[in-house]
*Asks:* 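A single structure is presented below for examination.
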Amino acid sequence: MIYRREPKDFINIDPLQTGGKLTDSAREALIEWGDGYSVCDYCSGTLDRIKKPPIYSFVHETLPEFLGCDVARITNGAREGKFAIMHAFSECDGEKSIVMDENAHYSSYVSAERAGLKIYIVPNSGYPDYLIKAEKYAEVLEKAKKETDVVLALVTYPDGNYGNLPDVKKISRVCEEYDVPLILNGAYAIGRMDVKMNELGADFIVGSGHKSMASAGPVGVLGMKEEYADIVLRRSKKYNVKELELLGCTARGVPIMTLMASFPHVVERIKRWGKEVQKARRFSKAVERLGIIQLGEKPHNHDLMFFESQLLYEISQKVKNGRYFLYRELKKRKIHGIKPGLTRYFKLSTYGLRDDELEYIITSFEEIIEKYS
Ligand SMILES: *Cc1c(COP(=O)(O)O)cnc(C)c1O
């Protein structure tokens, strides 16, 4: 047996992990449904049509309402959702392209590359805010349309580096003007905050179960407008219940069962999103007083924050084996989640922290800086 001792009684501020912690019911589901292919007892060929366990109603009723879309599916992750869409749109002849923001996750880029799409990047505003603006989408779409057949656009909401939430309504209006369907990558949003694809004007939406929906994973959600279902969910000619882009079946076992087990909790927790934002802002303000400067949108609108600290960097230059001093000091204080070796730039998440934990982390930074100054 391999144990994962460390993070258990640690406070976790790793952005990758704060939204993926299991609920008690998901932990139960993990054991109950842990065997391989456990959900397939009553499957007649299509995952989303399984009625026992109630995957059918989850996929066809619960999820479309939750995501604000017409048609939903379960995927193996946000990236698999993006790749399914992109691949479906890259099918026909000729050079096809996609327009995406500079803050896009590597998996968006890699999906497009694998699908054979040429990639046009919408630049961010640079240091220190790195904002993504609708006007820039217009500029890049204009250029890309002259050179290629632009089949898709993508916006990252929020991005995984700065936690910036661009104005998707504006961006979707621009994409509509250029007649290009828009993918909303909500890996860091869906399951944390209320996101409705239709209200934001996007055509596709993807989310990540293990990132933001308290699930074991790998698992994700995919939503789309009805009009695109024929393209993205087209079926095999030979195996005619199998959807091609999903390779016939996706999360076939424990991942989907933890997603469904946590879902009622997720629905409740997104109502408390305002508190999470307040917490993030409180944290940002407090550490800025210590000389740890938050980059990205300010005031911030998400629990994922990126910091720059000249001070911590200078300390790391002075002390022995200094690159790891911050990691070591935080570990001593049972705080997990800032990557070993980072001091000058790092990101963290305040999601789900209790007030006393938030204060404890702020005090810890204070103590560490004092100790070395
Ligand atoms: C984490 C992340 C992903 C990848 O999600 P998976 O479900 O693991 O594929 C995609 N996009 C963004 C913005 C992310 O932060």
Side-chain angles (χ1 to χ4, degrees), residues 12-22 26 63 67 72-87 98-115 119 121-122 124 130-132 152-166 168 171 182-193 195 197 200 202 204-223 245-247 250-251 254-256 258-259 262-263 266 276 280 296-297 300-306 337 339 346-351:
N12 196 338
I13 51 172
D14 184 343
L16 276 179
Q17 296 176 339
T18 53
K21 285 202 280 192
L22 295 184
L63 263 187
L67 298 172
R73 288 292 185 273
I74 302 294
T75 64
N76 287 320
R79 70 194 69 203
E80 281 81 0
K82 291 182 285 188
F83 178 68
I85 303 162
M86 292 178 196
H87 187 256
I98 183 168
V99 167
M100 65 175 77
D101 57 284
E102 189 176 357
N103 296 348
H105 191 250
Y106 80 85
S107 65
S108 298
Y109 199 96
V110 166
S111 295
E113 220 180 320
R114 183 180 174 197
I119 299 161
I121 297 290
V122 179
N124 62 39
Y130 303 97
L131 305 177
I132 297 293
L152 287 164
L154 178 145
V155 61
T156 317
Y157 184 80
D159 69 273
N161 222 18
Y162 309 107
N164 285 352
L165 286 158
V168 175
I171 292 168
L182 176 67
I183 304 171
L184 184 71
N185 178 9
Y188 259 116
I190 297 161
R192 295 172 184 253
M193 48 194 280
V195 188
M197 186 191 92
L200 292 170
F204 295 97
I205 186 167
V206 301
S208 175
H210 42 279
K211 174 78 67 61
S212 301
M213 300 177 83
S215 309
V219 68
V221 293
L222 163 65
E245 299 296 353
L246 306 182
L247 296 177
T250 57
V254 72
I256 184 172
T258 58
L259 181 81
S262 281
F263 191 75
V266 163
E276 293 295 339
E297 271 176 351
H300 210 57
N301 300 304
H302 196 273
D303 58 272
L304 186 158
M305 288 171 285
F306 188 90
K339 285 209 169 70
F346 54 87
K347 50 186 178 179
L348 58 81
S349 158
T350 51
Y351 191 73

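Here, residue 1 is the first one in the sequence, and each next residue gets the next number. Indexing begins at 1, ligand by ligand and atom by atom, following the structure's order.
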*Asks:* How long is the straight-line distance from CG of Leu22 back to OG1 of Thr258, given to the nearest 0.5 Å?
*Replies:* 6.0 Å

*Asks:* So if I count the atoms of ligand 1 from 1 in the order they appear, which ones are less than 4.0 Å from some heavy atom of Thr156?
*Replies:* 13 (C)

*Asks:* Below 4.0 angstrom from a heavy atom of Lys82, which ligand 1 atoms are there? Numbered from 1 as shown, please.
*Replies:* 10 (C), 11 (N)

*Asks:* Out of Lys211, Met213, His210, who is nearest to atom 8 (O) of ligand 1 when you count heavy atoms only?
*Replies:* His210

*Asks:* Scan side-chain atoms only and decide if Arg192 and Ser212 contain a donor-acceptor pair under the 3.5 Å cut-off.
*Replies:* yes

*Asks:* So, the side chain of His300 versus the backbone of Tyr162: is there a donor-acceptor pair under 3.5 Å, distance only?
*Replies:* yes

*Asks:* Consider only side-chain N and O atoms of Arg114 and Tyr109, and report whether a donor and an acceptor are under 3.5 Å apart.
*Replies:* no

*Asks:* Scan side-chain atoms only and decide if Asp303 and Ser349 contain a donor-acceptor pair under the 3.5 Å cut-off.
*Replies:* yes

*Asks:* Assess the side chains of Asp101 and Thr156: does a donor N or O sit below 3.5 Å from an acceptor N or O?
*Replies:* yes

*Asks:* Considering only non-hydrogen protein atoms, determine which one is nearest to atom 9 (O) of ligand 1 and report residue, atom name and distance to 0.1 Å.
*Replies:* Arg79 NE, 2.7 Å

*Asks:* Does ligand 1 have any atom that is closer than 4.0 Å to a heavy atom of Ser107?
*Replies:* yes

*Asks:* Identify the closest protein heavy atom to atom 11 (N) of ligand 1: which residue and atom is it, and at what distance?
*Replies:* Asn185 ND2, 2.9 Å

*Asks:* Would you call the rings of Tyr188 and His302 parallel, tilted or perpendicular, where under 30° means parallel and over 60° means perpendicular?
*Replies:* perpendicular

*Asks:* Can you tell which of Ala78, Gly81, Pro15 gets a heavy atom nearest to atom 5 (O) of ligand 1?
*Replies:* Ala78

*Asks:* For the 3.5 Å polar cut-off, considering only N or O atoms, please tell me whether Tyr188 and ligand 1 meet it.
*Replies:* no

*Asks:* Show the atoms of ligand 1 that are less than 4.0 angstrom away from any heavy atom in Ala187.
*Replies:* 2 (C), 3 (C), 10 (C), 11 (N), 12 (C), 14 (C)

